[in-house]
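The structure appears below as structure tokens.
The structure displayed is predicted, hence computed values, not measured ones.
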Amino acid sequence: MARFEYLFVLAACVAVTLPLELAGARVYRRPRRLARAVLPVAAVFLVWDAVAVVAGVWDFDPAFVTGLRAPLGIPLEEVLFFVVVPVCGLLTYESVQLTGRLVARAQRRRSRVPH
């Protein structure tokens, strides 16, 4: 069971933020924009991870990863981390922006109505 904890946490992050997309965040609905935002940064951090592992700075406990590895020897869970966490962050950011726009619109409408 411990081998899947990292994946479970990542799945929980997606599950918790998925309603934000359904509420109008529109992150998943713009895949090119999402890829341009997430993939370059993920690539930099994956190389950074690979260098750190090779240098012996850190490693991944085999008890907590599935054993599936991406190129450069990075565990699948770590690759997913560098995609899932930024996507969840973008969902949260877009939701906050959407809420701000909706509040501003409501305030403008309220200010136009005579009291």
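- Relative ring orientation between Trp48 and Phe45 is described as parallel, the plane-to-plane angle staying below 30° on a 0-90° scale split at 30° and 60°.
- In this structure the side chain of Tyr28 reaches within 4.5 angstrom of the side chain of Leu18, judged on heavy atoms.
- Linking ILVMFWY residues whenever their side-chain heavy atoms come closer than 4.5 Å, directly or via other members, leaves Val9 and Val16 in distinct clusters.
- In this structure, Thr66 and Glu77 have side chains that are in contact, with non-hydrogen atoms separated by less than 4.5 Å.
- In this structure, CZ on Arg26 lies 12.5 Å from CG on Leu91, to the nearest 0.5 angstrom.
- Grouping Ile, Leu, Val, Met, Phe, Trp and Tyr residues whose side-chain heavy atoms lie under 4.5 Å apart, directly or via other members, leaves Val54 alone, with no other cluster members.
- In this structure, the side chains of Val79 and Leu46 come closer than 4.5 Å at one or more pairs of heavy atoms.
- Between the CZ atom of Arg112 and the CD atom of Gln107 there is a distance of 12.0 Å, given to the nearest 0.5 Å.
- Using a 4.5 Å heavy-atom cutoff, the side chains of Phe60 and Glu78 are in contact.
- Interatomic distance, Arg29 CZ to Glu21 CD, rounded to the nearest 0.5 Å: 4.5 Å.
- By the 6.0 Å contact criterion, CZ on Phe82 is enclosed, its count of non-hydrogen atoms from other residues, nucleotides or ligands being greater than 12.
- Linking ILVMFWY residues whenever their side-chain heavy atoms come closer than 4.5 Å, directly or via other members, leaves Leu102 and Val96 in distinct clusters.
- The distance from atom CG of Leu20 to atom CG of Leu90, rounded to the nearest 0.5 Å, is 11.5 Å.
- By the neighbour-count criterion of 12 heavy atoms within 6.0 Å, atom CZ of Arg30 is densely surrounded, having more than that number from other residues, nucleotides or ligands.
- Criterion: ILVMFWY side-chain heavy atoms under 4.5 Å apart, direct or through other members. Under it, Tyr6 and Phe4 are part of a common hydrophobic cluster.
- In this structure, Ile74 is a member of the same hydrophobic cluster as Val85, with clusters built from ILVMFWY side-chain heavy atoms closer than 4.5 Å.
- Rounded to the nearest 0.5 Å, atoms CG (Leu76) and CZ (Arg69) are 10.5 Å apart.
- To the nearest 0.5 angstrom, Cys13 atom SG is 11.5 Å from Leu80 atom CG.
- Phe64 and Met1 fall into different hydrophobic clusters, defined by Ile, Leu, Val, Met, Phe, Trp and Tyr side-chain heavy atoms under 4.5 Å apart, directly or through other members.
- At a threshold of 4.5 Å between non-hydrogen side-chain atoms, the residues Arg36 and Arg32 count as touching.
- Between Tyr93 and Val27, the closest side-chain pair of non-hydrogen atoms is not below 4.5 Å.
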